[in-house]
Number of protein chains: 2
Amino acid sequence: MSWRKETRRAERGYHHGNLKEALLQAALGLIAEKGAAGFTFADAARMAGVSAAAPYRHFRDRDELLSSIALRGFEQFESRLTAAWDDGRPDTLTAFERVGKAYLAFAREEPAFYNAMFESGLPVDANPALQAASERAFNIIRAAAERLAALAPPGTPRPPAMMMALHIWSMSHGVASLFSRGDAARRKLPMSPDELLEAEVLIYLRGLGFPTDRRPPAKSAEPPPVPPEASSGSGVPPGGPWGRPK
Amino acid sequence: MSWRKETRRAERGYHHGNLKEALLQAALGLIAEKGAAGFTFADAARMAGVSAAAPYRHFRDRDELLSSIALRGFEQFESRLTAAWDDGRPDTLTAFERVGKAYLAFAREEPAFYNAMFESGLPVDANPALQAASERAFNIIRAAAERLAALAPPGTPRPPAMMMALHIWSMSHGVASLFSRGDAARRKLPMSPDELLEAEVLIYLRGLGFPTDRRPPAKSAEPPPVPPEASSGSGVPPGGPWGRPK
DNA sequence: CAGCTCATGTGAACGGCTTTTACATGAGCT
DNA sequence: AGCTCATGTAAAAGCCGTTCACATGAGCTG
């Protein structure tokens, strides 16, 4: 299903036919298993069924393979955040929270990418392509913050969107790193990482003056494309963003 | 100053006299330089002037040396957070913010420890001593949150202190990881990591209903030990926690 | 189809790291 | 003085990353 050569021929001849891709996939699996630190170039080659020297025809060194994976990771990350944001539908706040959840979901569901991107210790700044991809991903959060900032209640001073974006990013990243990954996920918490982050963001937004009561009970009361979105509630949730005492 | 043998004798004899400590120091320096991933057991041995096999008399393997460093890191971390909290003096909010700053300061000033603790990928849960030390450090934040939660304005529902502590932790950790470390620190930001975190925490606390105007102009208007601390201000800062537009 | 060329893969080799093992040293006690 | 045991050493095995000279064969050219 991956390399056509292996299916078409008996045992694959001298040339692999799709080695670069095979190496990326192998590395992805290995990193998911043993972390970026434990991942080894030789292992990836072995898994692809080639000699240890073969990978050097496709990657300058081990680091470049790692960077390639991180790059793909940022791209997938961006596309998941974009999908989650969905241009602010059905309403800005709902979409905004969906972005936060998408951040956690990515950390949970793509541990190998997340690891390569944020935990492998590779110098992101040193690689312009990586840096650009990382920036593109962040720009989704930034754009969302921009839209949200524009909805700030009139009485209060309008918060700088860039700052909001950085705040949301740090919250998401903090929760993901501490509670949503590997063994850290096993820390016994009073709530799930998703709930934790949602409450955190809601409290934060309330601190900026946003009305954060949960969305109106009925379906979308807003017109689809960029609705005016006047505040539609009281401003103080019935029990706080951390849920009912139950 | 470190090994007495070396100062007392000419070139140190067969026995080092303080190898364990020398290895820890050497490793600390190496990690600060090249990160936990780049640090090598053999290098530490070389730096201490012993053969590559000698360290095995003091550490089961490379991982145990790393864990020892992480353990020390958590201990120092705890003690810095404790000092910053200073039992809530001069007032709870001021002390609380000092704790956040101490978190960043530790990440900045002790990169080797921070790296070993949070970025080395070693399984914290697997080591009971490490886990306990990490918990003790977190408990400082938790205790601080406890005190702060007790001051929640009467009208609003009282936030769970544990949740607050986790939120503050995730913010601090997120900012530290993303903006206060290594090359990531070079990201061009509209404000310093310290300012970013301070604003984030203030907005968050305001979202919980705490009055977050800056401390009263004069000296301590509160009695030293656990003052009653009735809210002493309006509740809405003059321009928002992110500072004057200037 | 013959032949050329160049991307792609191989094997061997080098140096470095981790870890183990048998052996050496000497500090501290009797 | 002599014993003992913690602490150090040298050597070796096994793994990695990386390089280099060489092999293979896919695709083009005529």
Side-chain angles (χ1 to χ4, degrees), chain A residues 2-27 30-31 33-69 116 120-123, chain B residues 2-27 29-31 33-69 116 120-122:
Chain A
S2 6
W3 355 253
R4 28 177 230 271
K5 273 301 172 54
E6 201 133 354
T7 38
R8 212 166 50 178
R9 276 208 189 200
E11 279 305 319
R12 146 178 118 67
Y14 197 84
H15 292 285
H16 185 289
N18 212 1
L19 185 53
K20 185 161 189 172
E21 191 54 34
L23 287 172
L24 286 166
Q25 293 303 328
L30 288 170
I31 293 173
E33 262 185 65
K34 315 190 288 185
F39 145 77
T40 150
F41 216 27
D43 244 346
R46 209 169 298 131
M47 190 155 304
V50 296
S51 76
Y56 290 85
R57 295 296 175 195
H58 302 277
F59 302 95
R60 200 181 335 78
D61 54 20
R62 183 180 170 283
D63 257 30
E64 193 179 281
L65 172 49
L66 222 58
S67 298
S68 295
I69 290 190
S120 66
L122 54 79
Chain B
S2 2
W3 353 253
R4 30 175 229 270
K5 273 303 171 52
E6 202 132 357
T7 37
R8 213 166 48 175
R9 276 208 189 200
E11 279 304 322
R12 144 177 120 66
Y14 196 84
H15 292 286
H16 185 289
N18 213 0
L19 185 52
K20 185 161 189 173
E21 191 54 35
L23 287 172
L24 285 166
Q25 293 303 328
L30 289 170
I31 293 174
E33 262 185 64
K34 316 189 287 187
F39 144 76
T40 158
F41 216 28
D43 243 347
R46 208 169 299 131
M47 190 156 305
V50 297
S51 76
Y56 289 86
R57 294 296 176 194
H58 301 276
F59 302 96
R60 200 183 331 77
D61 55 21
R62 183 181 171 283
D63 257 29
E64 194 181 279
L65 172 49
L66 222 58
S67 298
S68 295
I69 289 190
S120 67
L122 54 78

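Here is the naming used below: chain letters follow the sequence lines, and residue numbers restart at 1 for every chain. Any value given below was found using the heavy atoms of this structure, including those in side chains, with hydrogens, waters and symmetry copies removed.
- Across all non-hydrogen atoms, the minimal contact from B:Ala36 to B:Ile31 is N-CG2, 3.8 Å.
- Annotation for A:Ala116 and A:Leu122: closest pair O-CG, 4.2 Å, computed over non-hydrogen atoms.
- The salt bridge (charged side-chain N to carboxylate O under 4.0 Å, His left out) contacts involving residues 37-51 of chain B comprise B:Lys34-B:Asp43, B:Asp43-B:Arg46, where partners must be two or more places apart or lie in separate chains.
- Residues meeting the side-chain hydrogen bond (donor to acceptor under 3.5 Å, both in side chains) test with A:Glu33, sequence neighbours left out: none.
- C:dT21 atom P lies 12 Å from atom OH of B:Tyr56, rounded to whole Å.
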Let me have a per-nucleotide readout for nucleotides 6-16 of chain C, 5' to 3', with B, S or -, counting only protein heavy atoms under 4.0 Å. -BBBBB-----
Nucleotide pairing, DNA chain C (Watson-Crick or G-U, distances under 3.5 Å), in dot-bracket with [ ] and |: ||||||||||||||||||||||||||||||
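- Not a single side-chain hydrogen bond (donor to acceptor under 3.5 Å, both in side chains) links A:Lys20 to another residue, sequence neighbours left out.
- Listed in residue order, the members of residues 62-69 of chain B having a heavy atom less than 4.0 Å from DNA chain C are B:Arg62.
- Taken to the nearest 0.5 Å, the CD atom of A:Glu64 stands 7.0 Å off from the CZ atom of A:Phe59.
- Rounded to a whole Å, the CZ atom of A:Phe41 is 13 Å from the C1' atom of D:dT19.
- Residues satisfying the side chain to side chain contact (heavy atoms under 4.5 Å, CB included) criterion with B:Glu21, sequence neighbours excluded, are B:Asn18, B:Leu24, B:Gln25, B:Arg72.
- With sequence neighbours excluded, the residues that form a side chain to side chain contact (heavy atoms under 4.5 Å, CB included) with A:Asp63 are A:Asp61.
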In residues 49-57 of chain B, what donor-acceptor pairs under 3.5 Å come from side-chain atoms, sequence neighbours left out?
residue	atom	partner	partner atom	Å
B:Ser51	OG	B:Ala53	N	3.4

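- As judged by a 4.0 angstrom heavy-atom cut-off over every strand, B:Asp61 is placed among residues touching the sugar-phosphate backbone only.
- When the side-chain nitrogen and oxygen atoms of B:Thr40 are compared with OP1 and OP2 of C:dT18, one or more of them lie within a distance under 4.0 Å.
- Scanning for side chain to side chain contact (heavy atoms under 4.5 Å, CB included) contacts around B:Ala44 gives B:Leu23, B:Ala26, B:Leu30, B:Phe39, with sequence neighbours left out.
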